[in-house]
Amino acid sequence: MSFLSASFLRKAAVVPALVGAMMLTACGGGSLGGGSGGSGGTSGSVKIGLSVPKSGTYAALGKDMEQGFKLYLTQNDNKLGGKTVQLVETDEGNGPQTGIPATERLVTQDQVSAVVGLVNSATASGLANTFNQNKVPLIVANAGSDKLVDTPSDYIWRTSFTNGGVNAPMGAKVKEEIGSGSVYLLGSDYAAGKEQVGGFKKAFTAAGGKVAGEEYTPPFGATTDWQPYLNNVRNSGAKAVYVFYAGSEAVGFVKQFKQFLGGTGIKLYGSGFLTEGSVLDAQGDAANGVQTSLHYSDQLDNPKNKEFVKAYSDAYKTSPTVYSVQAYDAANVLAEALKKADGTTGEAIGAAIGKVGQIDSPRGTWSFNAQHDPDQKYYLREVRVVDGKRVNAVVEELKAG
Ligand code: PHB
């Protein structure tokens, strides 16, 4: 569907299509122009889209995000900033081929007032224009594409990170730990893999670090045999390996690293997605000692996080992850914006997101920077067994990269 016809449809479509809950909460918004008007309004409803993977390599990450977003709704009587939420969910799937059309439909067909979600960098980058052109805010709750848009706009925000930003603080740290030794770089073969590993490489070489080799392992999301790459690592004489893998690839990689290089003394580092959440349980003791950088661990010792971990664990019988927090915070951002917005149109919400200020998050308070990404701290984490449970223990706050 072209953008022209989409925007025509938005104006032409009228309320009869919307029945049930929307009718009962008469001021329902979407982009249909039904905004309740006036800032601070506490009645009416708002239609929000949630696009996360329910299938593919990153399905587990999508589940964490969905749970984080829904926990906020449950805790707030299914309201964001006083508006009852009509949630429209879609499956982002494995990559842009599925994620772009599915997410576009939320805007063009479902006519939501804002969308939250997106795990995959390639999908998020491919969607930015759609949101700008349709004047509907997108709150990216994971995908870290270093350059999501050329110029920040009211319609593109992120509650997660940039790919380079997560990894840069590890450059100086790894150099300090391995001294004159070299590092072999490996990553998932797509945009985020290259940007994540690239962020580390830039900071590491700037600190005087030496790179022994660099490979991206195709096909994206489906690599199952790392033995050839791990042989290259061994033959290179590298003292350490730095990687980006997430989701199901993270499980396979960490297990094979232990199988083929365990006992050689070669250390494994990466961005924190490598050992986050359900993948850590699946990796088992192969993950012990792996050191990573991330802006969250469920082990962070602050009152807001303790409260969040308890509420999340009570609700879902599992610990929250960085993905859960990023989506929980996206709900919080929307709630704060809706309190300030003059109505529930995409334009009103987009403008109000720029005014939300500090977000009180389980990761610690943060606010949007000039690029509309979180200004936040990063932590060195190490996989350890604490009180019989394998966790990402927080070692220290990392210096900015
Ligand atoms: C990304 O594609 O930006 C991405 C995916 C999974 C992660 C982190 C980043 O865990």
Side-chain angles (χ1 to χ4, degrees), residues 51-66 68 92-100 103 116-128 138-149 156-168 170 186-200 216-223 242-254 270-280 282-283 287 290 292-297 320-327 330 363 371 373-374 376 378 381 392:
S51 176
V52 296
K54 293 177 191 282
S55 57
T57 316
Y58 293 151
L61 287 52
K63 186 169 177 208
D64 293 352
M65 288 163 80
E66 180 184 332
E92 180 188 336
N94 203 41
Q97 293 83 350
T98 50
I100 291 178
T103 310
V116 169
L118 303 185
V119 166
N120 186 305
S121 277
T123 307
S125 300
L127 278 162
L138 167 66
I139 305 185
V140 175
N142 186 68
S145 336
D146 282 341
K147 203 157 185 221
L148 206 45
V149 280
I156 310 288
W157 301 87
R158 191 152 46 181
T159 56
S160 50
F161 54 86
T162 61
N163 288 326
V166 178
N167 296 275
M170 283 296 264
L186 289 174
S188 197
D189 190 27
Y190 79 118
K194 291 172 187 162
E195 288 183 352
Q196 295 247 348
V197 171
F200 167 78
Y216 297 91
T217 58
F220 158 67
T223 306
Y242 192 94
V243 303
F244 168 79
Y245 289 107
S248 50
E249 283 192 312
V251 178
F253 177 79
V254 168
S271 52
F273 311 106
L274 185 66
T275 57
E276 187 66 2
S278 62
V279 301
L280 182 60
Q283 288 157 350
V290 176
T292 65
S293 154
L294 206 62
H295 44 292
Y296 181 70
S297 160
T321 65
V322 72
Y323 309 107
S324 329
V325 171
Q326 291 165 171
R363 74 184 95 167
Q371 295 304 310
D373 295 319
Q376 63 191 345
Y378 288 95
R381 317 171 331 153
N392 286 290

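The residues of the chain are indexed from 1 along the displayed sequence. First listed ligand is number 1; within each ligand, the first listed atom is number 1.
- At a cut-off of 3.5 Å, with distance as the only test, no side-chain donor of Tyr58 or Asn142 sits close to an acceptor on the other residue.
- Defined by atom type and a distance below 3.5 Å, a donor-acceptor pair is missing between the side-chain atoms of Thr223 and Tyr245.
- A side-chain donor from one of Asp64 and Thr321 sits under 3.5 Å from a side-chain acceptor of the other.
- Between Lys147 and Glu195, no side-chain nitrogen of the basic residue sits less than 4.0 Å from a carboxylate oxygen of the acidic one, so the salt-bridge criterion is not met.
- Residue-environment remark: NZ (Lys194) exceeds the threshold of 12 foreign heavy atoms within 6.0 Å.
- Aromatic pair Phe161/Phe273: centroids less than 6.0 angstrom apart.
- The protein residues lying under 4.0 angstrom from ligand 1, judged by non-hydrogen atoms, are Tyr58, Leu61, Val119, Asn120, Ser121, Asn142, Ala143, Gly144, Phe161, Asn163, Tyr190, Ala192, Gln196, Phe244, Ala246, Phe273, Tyr323.
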